Protein chains: 4
Amino acid sequence: MAAARKPARTHAIRRARAQRVDEILVSARDVFCEKGYDAASVAEIAARIGVVEGLVYKYFSTKRELLLQVLERWYDELFGDTERALAGISDRRARVRMLVRHHLRAVRDYPQLCKLMFREVQGESGYHGSSLHARNRRYTQYLVDEIEAGQRDGSFRADIPPRLVRDLVYGGIEHATWHYLRGRGSLDIDRLAEQITSLLCEGLLPRAAAAMSPVRNKPR
Amino acid sequence: MAAARKPARTHAIRRARAQRVDEILVSARDVFCEKGYDAASVAEIAARIGVVEGLVYKYFSTKRELLLQVLERWYDELFGDTERALAGISDRRARVRMLVRHHLRAVRDYPQLCKLMFREVQGESGYHGSSLHARNRRYTQYLVDEIEAGQRDGSFRADIPPRLVRDLVYGGIEHATWHYLRGRGSLDIDRLAEQITSLLCEGLLPRAAAAMSPVRNKPR
Amino acid sequence: MAAARKPARTHAIRRARAQRVDEILVSARDVFCEKGYDAASVAEIAARIGVVEGLVYKYFSTKRELLLQVLERWYDELFGDTERALAGISDRRARVRMLVRHHLRAVRDYPQLCKLMFREVQGESGYHGSSLHARNRRYTQYLVDEIEAGQRDGSFRADIPPRLVRDLVYGGIEHATWHYLRGRGSLDIDRLAEQITSLLCEGLLPRAAAAMSPVRNKPR
Amino acid sequence: MAAARKPARTHAIRRARAQRVDEILVSARDVFCEKGYDAASVAEIAARIGVVEGLVYKYFSTKRELLLQVLERWYDELFGDTERALAGISDRRARVRMLVRHHLRAVRDYPQLCKLMFREVQGESGYHGSSLHARNRRYTQYLVDEIEAGQRDGSFRADIPPRLVRDLVYGGIEHATWHYLRGRGSLDIDRLAEQITSLLCEGLLPRAAAAMSPVRNKPR
DNA sequence: AATGAATGAGCGTTCATTCAT
DNA sequence: AATGAATGAACGCTCATTCAT
């Protein structure tokens with residue numbers, strides 16, 4: 001009888017375990033977002049879900065591991081969103097705008113997670129080649145792919161490295177969001193997405209088109 | 001009552017106040033850059049110049065004050081460079097390129113100082129209105145001024161907020177530098193400056209000109 | 001980012017929370033009494049019970065909190081003693097003598113706790129209205145009540161503020177104990193209690209009685 | 001010529017030295033009073049008179065020495081005041097009242113100096129037998145002498161140790177002043193002096209007089 | 001699976017004191 | 001006589017991590 005029940009029990013345990021992991025990750029995300037990595041304490045992460053510090057270490061070997069998994073989960077959510085959003089859009093510029101818009105939304109919703117990525121994880125030893133790194137590359141690759149495709153079919157000029165465009169977009173959004181969030185204005189995502197897309201896409205027009213109206217500087 | 005403190009015995013080489021302050025600031029800049037603010041310890045900053053922790057506090061009231069002054073010095077150096085570089089250039093696009101180029105150089109030399117500004121200082125209470133804030137505004141204002149002047153004389157389209165351009169430039173450079181420094185390629189500052197300038201300036205062309213050649217997306 | 005902390009290896013004997021709290025409070029009381037508040041170090045309080053500094057902070061948020069709780073416990077012990085001692089005594093003078101006697105004993109046993117109250121706690125911001133303040137009021141009120149009752153029923157003169165009597169008793173005992181403890185004589189509590197009581201109660205005779213035999217000073 | 005000037009110069013130097021000592025002691029008294037001993041820093045004491053920490057150590061070997069000398073000076077001032085005040089008063093009770101009144105004034109004017117004596121100095125090793133101890137004994141002896149004289153000539157009962165009276169007075173005043181200073185009421189020195197004197201002196205009536213009207217306690 | 005007592009290393013900061021100049 | 005640079009030993013407090021129960 002005991003043998004017969006085993007699979008069910010194992011399954012239940014596995015489910016319980018998964019739930020705990022979820023709980024902890026949600027709590028960790030909240031605390032990391034509110035306080036940043038250093039100021040967040042494992043004690044608080046545990047306390048918020050009514051458990052004890054030690055238990056967290058049953059599921060995650062270190063505080064850092066916890067941070068990494070929080071961020072991995074976040075990327076995994078973003079992937080789904082992004083792919084659903086791109087589906088059915090074929091116009092290049094519209095696709096770019098959609099990617100920009102999605103990232104803006106992501107940053108608005110969890111600005112701190114972005115910060116954590118950039119502040120605490122990237123560039124630390126061990127990041128390069130990690131599964132988080134892979135997710136980050138995959139995430140930003142959507143935009144790079146779009147630019148490259150445009151360059152291949154001639155709708156974008158080819159003398160700008162696609163990765164530079166990616167950096168301007170993600171770096172720019174980081175700064176822009178920061179300023180808006182801390183500043184007086186609210187963040188108008190659609191407007192901002194259009195402005196960024198417009199600015200970059202028109203800058204990316206092939207020279208032939210751009211050459212027709214060179215920048216003429218007035219004397220100062 | 002506090003226990004009586006015991007006397008000092010051996011002394012490091014005496015230095016004039018200003019020299020020590022300089023030494024400490026240089027050491028602090030190095031350590032902050034290598035480890036970030038939190039992980040940097042005042043003890044290490046002191047040890048690197050063969051001095052005892054307490055002495056640092058004779059010249060700087062807190063660790064944070066030390067960070068702030070490191071950053072202020074950095075800005076002060078940048079101002080001189082920037083103004084010398086702009087002098088004598090009147091062509092708008094050349095001025096923009098120069099600003100981009102200078103910032104690229106600054107970030108390449110001390111990529112972490114940017115990060116410190118962005119991560120540790122901006123948005124913390126007390127930053128707004130501080131002399132560091134003033135320096136930061138002044139520094140980033142160079143570019144904003146250039147864009148606004150272009151918008152006023154009609155050489156730049158007016159439907160893009162100048163501050164967005166600034167954010168794309170500074171945020172983008174931060175990401176680009178970061179990627180290049182950590183990645184495989186070396187950083188070709190002149191080339192990168194030209195690419196960024198070209199991309200943005202052409203994206204900033206007045207609509208009338210741009211409207212003549214709308215982006216036509218090829219089907220994927 | 002903070003450097004990773006290294007693990008613990010050897011552990012002191014585990015104790016139930018309440019027991020540890022007790023142990024710590026006893027140790028704290030001893031060290032505070034021996035050295036005073038400032039010179040007492042949390043490290044020593046911990047070391048005396050074979051425990052590490054940090055553990056103290058698991059149970060008490062600050063050193064000051066520790067002091068406060070030591071004093072609260074002391075008052076709580078005193079209340080029990082005092083009330084048991086007063087029960088069944090109805091003679092006013094006997095009640096006063098009992099209160100004096102009890103305080104003398106308290107001060108003899110822990111002369112420094114009085115001092116700590118008076119020096120470190122009273123008059124500090126946050127004391128007024130605290131639970132320690134409440135205990136202090138309750139404790140000294142016993143005597144004030146007795147004096148007031150005597151004034152109401154005419155057995156004590158009414159032109160002396162009861163609080164002055166209280167101050168003379170508690171302040172006087174503090175000094176007297178101090179001198180005796182540090183001086184040559186031992187502290188004969190019963191005798192001293194009788195002397196103080198006699199001195200004050202007879203000084204509290206209604207004017208009518210005292211007026212009959214005014215103090216006649218001999219010329220010097 | 002140089003030889004001839006020597007005495008004058010020596011004298012000038014001695015004067016200058018004495019002035020410095022005075023300056024430092026005044027500054028030290030102020031800072032000790034404002035902050036207490038531990039919280040006072042030698043740096044601040046020096047800064048207030050526009051000199052440098054090191055100079056203080058030219059004149060006083062330690063911070064503690066500074067405290068001791070501040071207190072000695074204070075006692076020396078009090079002696080003069082007290083003796084001038086007592087001169088010409090022969091009535092015993094009036095003399096007691098005057099002593100009480102003078103101490104009340106001293107405590108009102110420099111309550112912190114009293115505190116320092118009691119908190120930081122008395123009972124510390126080295127106090128016993130020190131010149132400060134001598135001054136303290138001399139100061140409180142005035143009152144003890146008065147009581148003893150009264151006991152000798154029969155105007156005070158002899159079964160109360162004069163030192164107990166002294167402790168009640170000085171301890172009581174400490175508490176009373178503390179309460180009044182921190183409390184709502186202002187300190188009416190003359191009234192308080194009269195109340196204390198009256199309470200104690202009438203309590204000190206020879207048994208014969210007091211025995212005529214024993215305290216009759218009403219049943220509670 | 002969960003608890004929670006315990007560790008230990010570290011950090012920012014203060015300050016009495018010394019001594020070269 | 002005066003300066004002020006430098007020391008060094010604490011101290012209060014925090015927290016990731018371990019492990020007995």
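Treat the numbers as computed from the prediction; the structure is a model and nothing was measured. A, B, ... follow the sequence lines: proteins, then strands. Residue 1 opens every chain.
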Between CD of C/Glu23 and P of E/dA6 the distance, given in whole Å, is 8 Å
Taking a pair as Watson-Crick or G-U wobble with both distances under 3.5 Å, which nucleotide is matched to E/dT13?
F/dA10
Taking any heavy-atom pair under 4.0 Å as a contact, classify A/Ala40: base, sugar-phosphate, or nothing.
sugar-phosphate
Rounded to the nearest Å, what distance is computed from the NZ atom of residue A/Lys35 to the P atom of nucleotide F/dC15?
9 Å
Rounded interatomic separation in angstrom, taking OH from D/Tyr59 and P from E/dT17
18 Å
Separation of F/dA6 P from B/Ile13 CD1 (nearest whole Å):
9 Å
Specify the residue among C/Glu53 and B/Tyr57 whose closest nucleotide of DNA chain E lies further upstream toward the 5′ end.
C/Glu53
To the nearest Å, give me how far apart CZ (D/Phe60) and P (F/dA2) are.
13 Å
Under 4.0 Å between a side-chain nitrogen and a carboxylate oxygen: does that hold for A/Glu34 and A/Arg48?
yes
Does D/Lys115 make a cation-pi contact with D/Tyr110 (under 6.0 Å, within 45 degrees of the axis)?
no
Flag the pair D/Glu44 and D/Lys35 as a salt bridge only when some basic side-chain nitrogen lies within less than 4.0 angstrom of an acidic carboxylate oxygen.
yes
Would you mind telling me which residue lines up with the more 5' stretch of DNA chain F, C/Ala43 or A/Thr62, judged by nearest nucleotide?
C/Ala43
Does this structure show an ion pair linking B/Arg17 with B/Asp22, if we count only N-O contacts that are shorter than 4.0 Å?
no
Give B/Val42 one of three labels, base, sugar-phosphate or nothing, depending on what nucleic acid heavy atoms sit under 4.0 Å from its own.
sugar-phosphate
When you measure from the side-chain N and O atoms of C/Arg17 to the phosphate of E/dA5, is any distance below 4.0 Å, counting only OP1 and OP2?
yes
So, is C/Arg14 near the phosphate of E/dG4, with a side-chain N or O under 4.0 Å from OP1 or OP2?
no
Measure from the side chain of C/Lys63, starting at C-beta and using heavy atoms only, and say which of E/dT7, F/dC13, F/dT7 lies closest.
F/dC13
Let me know, please, whether D/Leu55 or C/Arg15 comes out on the 5' side of the other along DNA chain E by nearest nucleotide.
C/Arg15
To the nearest angstrom, how far is A/Tyr37 atom OH from F/dC15 atom C1'?
11 Å
To the nearest angstrom, the CD1-P distance between B/Ile49 and F/dT7 comes to 9 Å
To the nearest angstrom, the CD1-P distance between A/Ile45 and F/dT17 comes to 11 Å
In the strands shown, is E/dC19 matched to any nucleotide by a Watson-Crick or G-U wobble pair with both distances under 3.5 Å, and which?
F/dG4
Parallel, tilted or perpendicular, judged at 30° and 60°: which one describes the rings of C/His133 and C/His128?
tilted
Could you please name the option among E/dT17, F/dA2, F/dA20 that lies closest to any side-chain atom of D/Lys58?
F/dA2
